[in-house]
Colleague: 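Quick one: the structure is below, questions incoming.
Hydrogens, waters and symmetry mates play no part in the numbers below; they use all other heavy atoms, side chains included.
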Amino acid sequence: MRLQVFDSFRHEDRDGPFVEYVAARRAVLYRTAYLICGDAHRADDLVQVALAKAYVAWPRLARVGNVDAYVRRILVNAHVDETRRGWRRERPGLPEIDEPAPVPRGEDNEELWAALRALAPGQRRAVVLRHYWGLSVEETAADLGVSPGTVKSQTSDALARLRRALSEAGTGADHDRAR
């Protein structure tokens, strides 16, 4: 039976649409991963995990649709899994020698990146899904596997912390009023 199912969705049928999806969405997925974890190398790892899992599930995804939601959920879950592993919290290298990965091109507001990195992981995920992806409270709650109330409180607390951090850095409220 397994051979028949596999034969019914040959590699050629899977690879073409999957390659097109990756070509169209990889940059957005990378940016999402970077916003969630704050590190370029870890973001690459998260995207790789998400795309590998999406490839395995591609026959089902192609039939059901809403691939972005599925891959977004994989990214969030992969980040949660990574933060729970003790060995993943270890950082290789020496702080005096190794430089952190550069911020993606076009994102030169260091105060904003520092403020985002200072957020708790749950708050960062809520802000990224709500304000970068533009998801509703309910969609964000479904992606994170939490209640809508948790999304609201996490987002509210995160935005308050971001406003406070950016106003202290001199880029927050004064910058918004200048627009």
Colleague: Over all heavy atoms of both residues, which pair between Ala141 and Pro148 is shortest? Give the atoms and the distance, please.
Modeller: CB-N, 3.8 Å
Colleague: Heavy atoms only: give me the nearest Ala54-Ile74 pair and the separation to one decimal.
Modeller: N-CD1, 4.1 Å
Colleague: Provide the full list of salt bridge (charged side-chain N to carboxylate O under 4.0 Å, His left out) pairs with a residue in residues 129-143, sequence neighbours left out, each pair given once.
Modeller: Arg72-Asp143
Colleague: Return the orientation label for the Tyr55 and Phe18 ring planes: parallel under 30°, perpendicular over 60°, tilted otherwise.
Modeller: perpendicular
Colleague: For Asp157, give me all partners under side-chain hydrogen bond (donor to acceptor under 3.5 Å, both in side chains), at least two apart in sequence or on another chain.
Modeller: none
Colleague: For Arg124, enumerate each residue passing the side-chain hydrogen bond (donor to acceptor under 3.5 Å, both in side chains) test, keeping only those at least two apart in sequence or located in another chain.
Modeller: none
Colleague: Heavy atoms only: give me the nearest Ala126-Thr155 pair and the separation to one decimal.
Modeller: CB-OG1, 3.7 Å
Colleague: Taking only residues two or more places apart in sequence or in another chain, which ones pass side-chain contact (heavy atoms from CB on, under 4.5 Å) with Ala33?
Modeller: Ala43, Leu46, Val47, Leu75
Colleague: Closest approach of Tyr34 and Ala40, non-hydrogen atoms and distance?
Modeller: CE1-N, 3.4 Å
Colleague: Could you tell me whether the side chain of Val28 reaches within less than 4.5 Å of the side chain of Tyr132, counting heavy atoms only?
Modeller: yes
Colleague: Compare all side-chain heavy atoms of Trp58 with those of Val67 and state whether any distance is below 4.5 angstrom.
Modeller: yes
Colleague: Check side-chain contact (heavy atoms from CB on, under 4.5 Å) between Ala114 and all other residues, then give those that pass, not counting sequence neighbours.
Modeller: Glu110, Arg117
Colleague: Looking at Gly122 and Gln154, what are the two nearest heavy atoms and their distance?
Modeller: C-OE1, 3.6 Å
Colleague: Quick one: closest heavy-atom pair of Trp133 and Thr32, and the distance?
Modeller: NE1-OG1, 2.7 Å
Colleague: Heavy atoms, side chains only, cut-off 4.5 Å: are Leu61 and Tyr21 in contact?
Modeller: no
Colleague: Atom CG in Leu116, atom CD in Gln123: separation rounded to 0.5 Å?
Modeller: 11.0 Å
Colleague: Measure the CZ-CD1 distance between Arg42 and Ile36 for me, rounded to the nearest 0.5 Å.
Modeller: 11.0 Å
Colleague: Checking Glu82 against Val49 for the side-chain contact (heavy atoms from CB on, under 4.5 Å) test, could you report, in this order, the C-alpha distance in whole Å, the side-chain angles of both residues, the deciding distance, and whether it holds?
Modeller: CA-CA 11 Å; Glu82 180 181 280; Val49 166; over 6 Å; no
Colleague: Let me confirm one number: the CZ-CG distance from Arg25 to Leu51, rounded to the nearest 0.5 Å.
Modeller: 11.5 Å
Colleague: Under the ring-ring contact (aromatic ring centres under 6.0 Å, His included) rule, collect the residues that match up with Tyr70, sequence neighbours excluded.
Modeller: none
Colleague: Return the set of residues passing salt bridge (Lys or Arg N to Asp or Glu O under 4.0 Å) with Arg164 (not counting sequence neighbours), or none when no residue passes.
Modeller: none
Colleague: What residues form a side-chain contact (heavy atoms from CB on, under 4.5 Å) with Ala118, not counting sequence neighbours?
Modeller: Arg161
Colleague: Do Leu135 and Val137 sit in the same hydrophobic cluster, where Ile, Leu, Val, Met, Phe, Trp and Tyr count as joined when their side-chain heavy atoms come under 4.5 Å apart?
Modeller: yes
Colleague: Mind checking what makes side-chain contact (heavy atoms from CB on, under 4.5 Å) contact with Val146, not counting sequence neighbours?
Modeller: Leu144, Thr150, Val151
Colleague: Please identify each residue that fulfils side-chain hydrogen bond (donor to acceptor under 3.5 Å, both in side chains) with Thr140, with sequence neighbours left out.
Modeller: none
Colleague: How long is the span from the CG atom in Asn77 to the CZ atom in Arg73, to the nearest 0.5 Å?
Modeller: 5.0 Å
